[in-house]
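Just below is one structure, and these are the notes that go with it.
Heavy-atom basis, side chains included; hydrogens, waters and symmetry copies ignored. Here the structure is a predicted model, which means the values were calculated and not measured. Every chain is numbered from 1 and lettered A, B, ... according to where its sequence line falls, protein lines coming before strand lines.
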Protein chains: 2
Amino acid sequence: MTPVDELSASMEDYLEAIYHIVTAKQAARAKDIAKRLDVNNSSVTGALRTLSEKGFINYAPYDVITLTPKGHKHAEDVVRRHEALMDFFTKVLCVDRTEASEAACKMEHAVSRNILDRLIRFVEFIEICPRGGETLIQGFNNHCRQEGNFITCQDSLARCLEDLKQRQKDIEGDLLETAPLNDLRQDQRGKILKIKGKGGISKKLAELEVTPGSIVEVIQTDTETGALDIKVRGYRLSLSTEEAAKILVERSGN
Amino acid sequence: MTPVDELSASMEDYLEAIYHIVTAKQAARAKDIAKRLDVNNSSVTGALRTLSEKGFINYAPYDVITLTPKGHKHAEDVVRRHEALMDFFTKVLCVDRTEASEAACKMEHAVSRNILDRLIRFVEFIEICPRGGETLIQGFNNHCRQEGNFITCQDSLARCLEDLKQRQKDIEGDLLETAPLNDLRQDQRGKILKIKGKGGISKKLAELEVTPGSIVEVIQTDTETGALDIKVRGYRLSLSTEEAAKILVERSGN
DNA sequence: TAAAAAATTTAGGCGACCCAAAGTTTACCG
DNA sequence: CGGTAAACTTTGGGTCGCCTAAATTTTTTA
Ligand SMILES: [Mn+2]
Ligand SMILES: [Mn+2]
Ligand SMILES: [Mn+2]
Ligand SMILES: [Mn+2]
């Protein structure tokens with residue numbers, strides 16, 4: 001049998017499914033899982049027993065299913081891999097979401113820690129680098145489609161220069177500003193300049209290798225409490241206003 | 001049982017191993033395969049039977065193993081996937097070769113046709129695009145390593161502009177020239193400008209979706225016959241001098 | 001509250017892998 | 001030619017993931 005802390009690809013998919021169902025509703029039932037993964041009910045029971053034996057889920061026959069802390073953590077990791085691959089496929093390679101998600105769900109079990117990390121950083125970099133961004137992706141798309149009426153290196157270079165100069169103008173007009181993270185609104189992004197303090201959130205971010213230069217995206221804001229859901233380096237985090245205030249970012253011009 | 005034309009991940013690995021062994025020596029023996037894949041001899045026998053039944057290899061008990069045309073074709077496809085992922089990991093993500101190869105060999109079985117295609121084109125694009133290339137990758141590496149002394153968007157953009165201008169100068173001095181593919185030497189690359197003729201090589205390239213704009217790399221040249229081994233869109237091809245002469249490329253400044 | 005319906009589990013089976021140990025075949029040498 | 005070592009195959013046994021059919025439990029409904 002596989003070691004108690006490890007999961008086969010199939011078991012990871014079950015765990016992932018449970019995670020999504022538990023997030024949407026309160027708890028998962030075997031039937032939901034079977035439907036989501038398109039497998040037979042009895043297959044689910046078998047998987048549940050395995051996951052339960054290994055301590056990933058709370059499960060008793062006929063009872064409702066929830067994740068243990070260990071299971072939750074592992075599920076989040078699977079989801080992170082899934083989303084990271086998905087982001088790369090959709091944002092960089094311009095593959096449509098359905099196909100990207102299917103491929104991601106197969107590949108997520110085979111990607112190594114380190115390569116995943118580089119991939120996340122690469123997408124981040126392409127999105128934020130002045131020579132990357134939208135226009136690079138556009139250029140890539142043209143490159144893919146070009147049939148005859150392509151451009152020479154020289155022309156291509158000239159165009160790139162044009163493009164960057166234009167962007168410089170845009171940015172100068174826009175005057176990028178520095179702001180605490182809690183000033184950002186939903187869907188805005190920023191580049192981390194500084195993380196104040198030593199313990200608490202600062203430590204946590206350091207553990208995740210979130211450093212100045214990393215890109216943060218605000219996923220959601222709670223208008224009442226001011227709490228933020230952010231995504232950084234592939235991780236989804238929730239921050240209180242106080243915590244967010246400690247993070248200084250340069251607003252991304254977008 | 002899986003359909004007769006399809007192979008499981010495991011069987012693909014066996015096929016891949018056989019391909020490499022057959023390429024190196026004349027034919028493969030069960031023992032070589034077992035050693036290469038680090039599995040038990042008896043597992044190899046089982047795999048050989050399966051591959052033989054499905055028509056991928058020529059195999060008789062106690063005899064030497066070779067690939068059928070069908071097997072050769074499928075093996076080349078597996079290798080193409082392996083190399084494409086490997087290229088992306090090493091050239092773009094800067095992962096070291098050993099790790100890249102391991103990861104590629106796991107992921108190669110999960111990557112979809114379309115995504116593989118986009119990936120190959122992306123690597124090609126990054127290598128050839130003026131705003132991509134070496135300096136972009138360097139920028140990416142800096143982005144990964146930066147701890148505190150990172151750059152703001154504005155500075156970053158200025159640097160990029162500098163870099164592109166410099167490159168423009170380099171290119172102007174170098175004056176890129178147009179040449180038939182057979183003029184390129186080993187390890188040189190070029191961007192396809194035009195493919196002359198209708199049938200033969202032209203048709204074959206069209207089938208592989210090799211079009212003007214695609215990047216060709218010369219892997220090896222035969223000084224006697226002038227034949228070329230090239231790599232284009234992830235495919236390895238052998239061309240005679242006459243065939244190569246029909247392909248007009250713009251020399252890559254590298 | 002008892003029967004019907006729905007959900008879940010159990011039992012049994014299959015295919016794809018893999019391994020250890022035991023048995024065969026082959027190649028080669030004195 | 002016989003003996004032997006190396007290479008190879010077969011046998012038997014185990015895991016994993018999935019399925020169907022049948023049994024069991026829970027929930028709904030009349
Ligand atoms: Mn998956
Ligand atoms: Mn997934
Ligand atoms: Mn492989
Ligand atoms: Mn491989």
Side-chain angles (χ1 to χ4, degrees), chain A residues 1-18 21-22 25-66 74 78 105-110, chain B residues 1-18 21-22 24-66 74 78 105-106 108-110:
Chain A
M1 197 166 25
T2 42
V4 97
D5 291 18
E6 281 168 38
L7 289 178
S8 67
S10 172
M11 287 305 131
E12 279 194 343
D13 279 339
Y14 279 104
L15 194 67
E16 194 187 12
I18 294 168
I21 295 168
V22 168
K25 311 177 179 187
Q26 293 301 338
R29 328 204 106 259
K31 202 198 164 196
D32 305 327
I33 302 170
K35 195 173 175 188
R36 194 173 223 277
L37 294 180
D38 193 25
V39 294
N40 193 284
N41 286 342
S42 54
S43 307
V44 175
T45 308
L48 292 178
R49 214 179 354 239
T50 306
L51 289 174
S52 167
E53 269 166 19
K54 295 194 174 191
F56 288 92
I57 60 173
N58 302 117
Y59 163 73
Y62 295 104
D63 205 354
V64 99
I65 301 144
T66 54
H74 195 109
V78 178
C105 212
K106 284 186 200 156
M107 296 174 77
E108 71 197 0
H109 314 288
Chain B
M1 197 165 27
T2 43
V4 95
D5 291 18
E6 280 168 37
L7 290 178
S8 66
S10 172
M11 287 305 130
E12 280 194 343
D13 279 339
Y14 279 104
L15 194 68
E16 194 187 13
I18 294 168
I21 295 168
V22 168
K25 311 179 180 187
Q26 294 300 339
R29 328 206 104 255
K31 203 197 164 197
D32 304 327
I33 303 170
K35 196 173 174 188
R36 192 173 224 277
L37 295 181
D38 195 25
V39 296
N40 192 285
N41 286 342
S42 57
S43 308
V44 175
T45 307
L48 292 178
R49 214 179 353 238
T50 305
L51 289 174
S52 167
E53 270 166 18
K54 295 194 175 191
F56 288 92
I57 60 172
N58 302 118
Y59 163 74
Y62 297 104
D63 206 354
V64 99
I65 301 143
T66 54
H74 195 109
V78 178
C105 212
K106 283 187 201 155
E108 71 197 0
H109 314 288

Query raised in the report: For the pair made of CD1 in B/Ile65 and P in C/dT26, what is the distance, rounded to whole Å?
Result: 15 Å
Query raised in the report: Looking only at side-chain N and O atoms, does A/Thr50 come under 4.0 Å of OP1 or OP2 in D/dC16?
Result: no
Query raised in the report: How long is the line joining CG of B/Leu7 and P of C/dG15, in whole Å?
Result: 18 Å
**Report entry** B/Tyr14 and B/Val39, any side-chain heavy atoms less than 4.5 Å apart
**Finding:** yes
Query raised in the report: Could you state the OH-P distance from A/Tyr14 to D/dC16, rounded to the nearest angstrom?
Result: 14 Å
Requested in this report: Keeping to residues at least two apart or across chains, list the ring pair (Phe, Tyr, Trp, His ring centres under 6.0 Å) pairs with something in residues 36-55 of chain A.
Outcome: none
Requested in this report: Mind checking A/Ser10 for me? I need base, sugar-phosphate or nothing, with any heavy atom below 4.0 Å counting as a touch.
Outcome: sugar-phosphate
Report summary line: By salt bridge (Lys or Arg N to Asp or Glu O under 4.0 Å), B/Asp5 pairs with (sequence neighbours left out) B/Lys70
Requested in this report: Round to a whole Å and report the spacing from CD of B/Glu6 to C1' of C/dG15.
Outcome: 15 Å
**Report entry** Under the side-chain contact (heavy atoms from CB on, under 4.5 Å) test, residues paired with A/Asn40 that sit two or more places apart
**Finding:** A/Ser42, A/Ser43
Requested in this report: Using whole Å, report how far CG of B/Asp13 lies from C1' of C/dC18.
Outcome: 14 Å
Requested in this report: Sorted by first residue and then second, give each salt bridge (Lys or Arg N to Asp or Glu O under 4.0 Å) pair with at least one member in residues 28-42 of chain B; sequence neighbours left out.
Outcome: B/Lys25-B/Asp32
Between the protein and nucleotides 8-13 of chain D, which nitrogen or oxygen pairs are less than 3.5 angstrom apart?
from: D/dC8; atom 1: OP1; to: B/Arg29; atom 2: NH1; distance (Å): 2.3
from: D/dC8; atom 1: OP2; to: B/Lys31; atom 2: N; distance (Å): 2.9
from: D/dT9; atom 1: OP1; to: B/Tyr59; atom 2: OH; distance (Å): 2.5
from: D/dT9; atom 1: OP1; to: B/Tyr62; atom 2: N; distance (Å): 3.3
from: D/dT9; atom 1: OP2; to: B/Thr45; atom 2: OG1; distance (Å): 3.2
from: D/dT9; atom 1: O4'; to: B/Tyr62; atom 2: OH; distance (Å): 3.3
from: D/dT10; atom 1: OP2; to: B/Arg49; atom 2: NH1; distance (Å): 2.9

Requested in this report: Just jot down the side-chain contact (heavy atoms from CB on, under 4.5 Å) partners of B/Asn58, sequence neighbours excluded, or say none.
Outcome: B/Thr66, B/Thr68
Query raised in the report: Would you say B/Ser43 reaches C/dC19's phosphate, i.e. side-chain N/O to OP1/OP2 under 4.0 Å?
Result: yes
